[in-house]
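To start, the structure itself, in structure tokens.
Please read all numbers here as calculations on a predicted model, not as lab measurements.
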Amino acid sequence: MSQIINSIMIPEQLLINYGAIVKTYAKDALILEKNNSAKFFYQIKSGSIKMHTISEDGKEFVLGYFTKDQSFAEPPLFGNFQYPANASALEETNVYILNKNAFFKLLKANFEIHLQLNKILCNRIQYKSMMMSEISVQSPEHQIISLLSYLKRNSGAENKYQVQLTRQQIADLTGLRVETVIRTIKNLAQKKKLEIINRKVFI
């Protein structure tokens, strides 16, 4: 599984040195909840999670997927605001949890990590801007190409890039129906805007 937005990776021993503990979450367990105060830094030791919100009519919208060695939900720690989304485990997941104050002490003592985190937060702003301006009001073909092109740029791939997301995950991220995603990807392949090889999507 591929993340949508790059995340910082802090060496495990450094997290432990600053007091991080490991907590295990069962599949579908809620790790953090929308509108709760941000008190901890989270980094995945194993497993995977999704950040998501639920609309008033009960529809789920996925903001991002995160997996081993990636962190998530950092902005509320800096902005001192409540979580704007939920985070739940997609499978049994082990997460390093570090107290907010200890996390800030770690950053103050490790400038390179702090700098990398700043770059990642800027990438997240860029991603959200792209989602709002290019995806939400465009055709399904444009939405999917915009998302997959972003993933390719974000991966650093210079030539052909294999998309790690499933059709369902693409649907969750764009707000499209999975049937629409399947049909649109086939149409894009016919137009040679992407390739399908052994059911894998390449762009």
Side-chain angles (χ1 to χ4, degrees), residues 1-9 27-28 34 44 46-75 84-91 93 116-203:
M1 180 183 298
S2 171
Q3 80 277 16
I4 299 306
I5 309 171
N6 282 336
S7 297
I8 192 170
M9 181 186 77
K27 181 180 178 181
D28 297 326
K34 181 178 179 180
I44 301 171
S46 64
S48 56
I49 71 103
K50 65 178 177 181
M51 299 289 298
H52 59 103
T53 60
I54 306 295
S55 66
E56 292 183 359
D57 59 2
K59 183 177 181 180
E60 181 183 65
F61 185 75
V62 177
L63 305 178
Y65 294 100
F66 300 85
T67 188
K68 185 179 184 299
D69 292 334
Q70 295 171 349
S71 61
F72 57 94
E74 306 95 329
N86 305 308
S88 57
L90 292 169
E91 56 189 309
T93 299
Q116 179 65 14
L117 179 56
N118 288 340
K119 292 178 180 178
I120 287 163
L121 293 178
C122 288
N123 285 340
R124 290 185 179 179
I125 293 172
Q126 179 193 30
Y127 171 75
K128 290 180 179 180
S129 176
M130 184 272 294
M131 291 289 286
M132 291 178 64
S133 63
E134 294 191 29
I135 289 185
S136 59
V137 296
Q138 299 290 346
S139 68
E141 285 193 5
H142 184 91
Q143 291 181 47
I144 292 172
I145 286 294
S146 293
L147 176 62
L148 301 190
S149 296
Y150 175 86
L151 292 176
K152 182 177 180 177
R153 291 194 304 271
N154 206 35
S155 73
E158 296 182 359
N159 299 310
K160 188 180 295 184
Y161 168 72
Q162 180 180 339
V163 178
Q164 300 296 316
L165 298 174
T166 66
R167 273 63 164 180
Q168 181 63 62
Q169 288 168 343
I170 293 172
D172 291 340
L173 288 164
T174 57
L176 298 169
R177 294 173 57 86
V178 68
E179 296 85 357
T180 302
V181 169
I182 293 170
R183 182 176 63 255
T184 303
I185 286 176
K186 289 180 180 178
N187 291 339
L188 288 168
Q190 291 174 354
K191 295 178 180 179
K192 301 188 182 304
K193 292 185 177 181
L194 52 77
E195 291 183 72
I196 302 175
I197 303 173
N198 295 327
R199 303 196 75 248
K200 300 292 185 181
V201 177
F202 293 82
I203 186 170

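For the residue pair Leu121 and Pro75, the shortest heavy atom distance occurs at CD2-CG, 3.8 Å. The minimum heavy-atom distance between Ala85 and Leu63, with the atom names listed, is CB-CD1, 3.5 Å. The two residues Ile49 and Ala87 come nearest to each other via the heavy atoms CD1-CB, 4.2 Å. When all heavy atoms of Phe61 and Gly175 are compared, the pair lying nearest together is CE1-N, 3.8 Å.
With values rounded to the nearest 0.5 angstrom, Lys152 atom NZ is found 11.5 Å from Phe202 atom CZ. Note that NZ of Lys59 is 10.5 Å distant from OG1 of Thr53, once rounded to the nearest 0.5 Å. Of the inter-residue distances, the one linking Asp69 atom CG with Ile44 atom CD1 reads 9.0 Å to the nearest 0.5 angstrom. Here the CD1-CZ distance, from Ile144 to Arg167, works out to 10.0 Å after rounding to the nearest 0.5 Å. In this structure, the separation between CG on Leu173 and NZ on Lys50 is 10.5 Å, given to the nearest 0.5 Å. Here the CD1-CD1 distance, from Ile185 to Ile170, works out to 4.0 Å after rounding to the nearest 0.5 Å.
Checked by atom type and distance alone, the side chain of Asn198 never pairs as donor or acceptor with a backbone atom of Lys200 at under 3.5 Å. The backbone N or O of Ile54 lies less than 3.5 Å from no partner atom in the side chain of Lys34, so there is not a single donor-acceptor pair. Using a distance-only test at 3.5 Å, with no hydrogens or angles considered, a donor-acceptor pair links the side chain of Thr93 to the main chain of Ser48. In terms of modelled atom types and a separation under 3.5 Å, the side chain of Thr67 and the main chain of Gly47 share a donor-acceptor contact.
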Verdict with reasoning, Ile203 to Ile145, per side chain to side chain contact (heavy atoms under 4.5 Å, CB included): CA-CA 9 Å; Ile203 186 170; Ile145 286 294; 4.2 Å; yes
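Side-chain contact check for Tyr161 versus Leu148: every heavy-atom pair is 4.5 Å or farther apart.
Contacts classified as side-chain hydrogen bond (donor to acceptor under 3.5 Å, both in side chains) and involving residues 177-187 (residues at least two apart or in different chains) are not found.
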